[in-house]
Each structure stands twice: as structure tokens, then as C-alpha cells.
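In what follows, a structure is listed as C-alpha cells, so that the remarks can point back to it.
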Amino acid sequence: ANQSDKSTSEYDDDPIIGIQLTYSQSTTGEPRMVFGFSFLRSSSLHPNDEAVSLEVSVSEEDGTETPKSPADALDDGLPKLYVHHDAVLKVLGSTLDVDEERLMPILYDKEGNVMDPNA
């Protein structure tokens, strides 16, 4: 199966270029957001989607592994994790919630402190 998938994707006019992380409104109608993952084809890539390498670089000095830098991974031809342009806020470590009484958005940092979205 893996061989047939590879050969199909090599000759596809719109190949799968990676996996996309999305962040969207819950389909249950509740005021909450949910993450989603899907395969991303080149035709669906938005200019503002952010690519993150799935590969690691190994330090020659101490052997530690770190994600490839965006500059090193940009044109390496390897699949990427693409963060949908609407999901960047959550991925950067902030959480968006809603004050249900006032129907106002509330932005929290990684520690749970309320942030000023205009700061």
C-alpha cells in the first residue's frame, strides 16, 4: 500500500505536500474552538500558512536534536506541518475564550493570565 501511495502522489497534478493544523469553531455550536488535522494539497496552500519542518537537525557539538530552522527547511522538498493562517494565535501559545455574558473575546497567555489583545 505504501508503494502505491508513493507512486500515485509522484504523478499527481496536485500532490499532498504535508499535514495542515487548523483551528476552527466547534461544530456543536458551543462557543469553543477545536483543532483539526488534514492532508494538505499544494493547490490549497494559502500564502499566509506557516510551514514547520517535520525533520530535526543534530548538533555536531553535543548531538542534541532540534527542529530544522525555517530557513533550512524552506526548499528542502520534504513534507511539512502547515499551520493554517487562522490558527496561528493558538499555536503561538495564546488561548482565545469568550465571556459568555458579554460575548466578548478574552485572550490568555501560556500561564493563564488575561492579555490585552491590543497591546
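At distances below 3.5 Å, at least one donor-acceptor pair connects side-chain atoms of Asp14 with backbone N or O atoms of Ser43.
Lys80 and Ser53 make their closest contact through CD-CA, 4.1 Å (heavy atoms, listed as atom of the first residue, atom of the second, distance). The two residues Gln20 and Leu40 come nearest to each other via the heavy atoms OE1-CD1, 3.8 Å. The minimum heavy-atom distance linking Gly18 with Pro79 is given by the pair CA-CB, 4.4 Å.
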*What do the steps show when you test Tyr82 against Ile17 for side-chain contact (heavy atoms from CB on, under 4.5 Å), and what is the final call?*
CA-CA 9 Å; Tyr82 289 87; Ile17 58 172; 3.9 Å; yes
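Cluster annotation: Leu21 is connected to Ile19 through the hydrophobic network of ILVMFWY side chains, with a link wherever side-chain heavy atoms come within less than 4.5 Å.
Between the CZ atom in Arg41 and the CD1 atom in Ile16 there is a gap of 4.5 Å [rounded to 0.5 Å].
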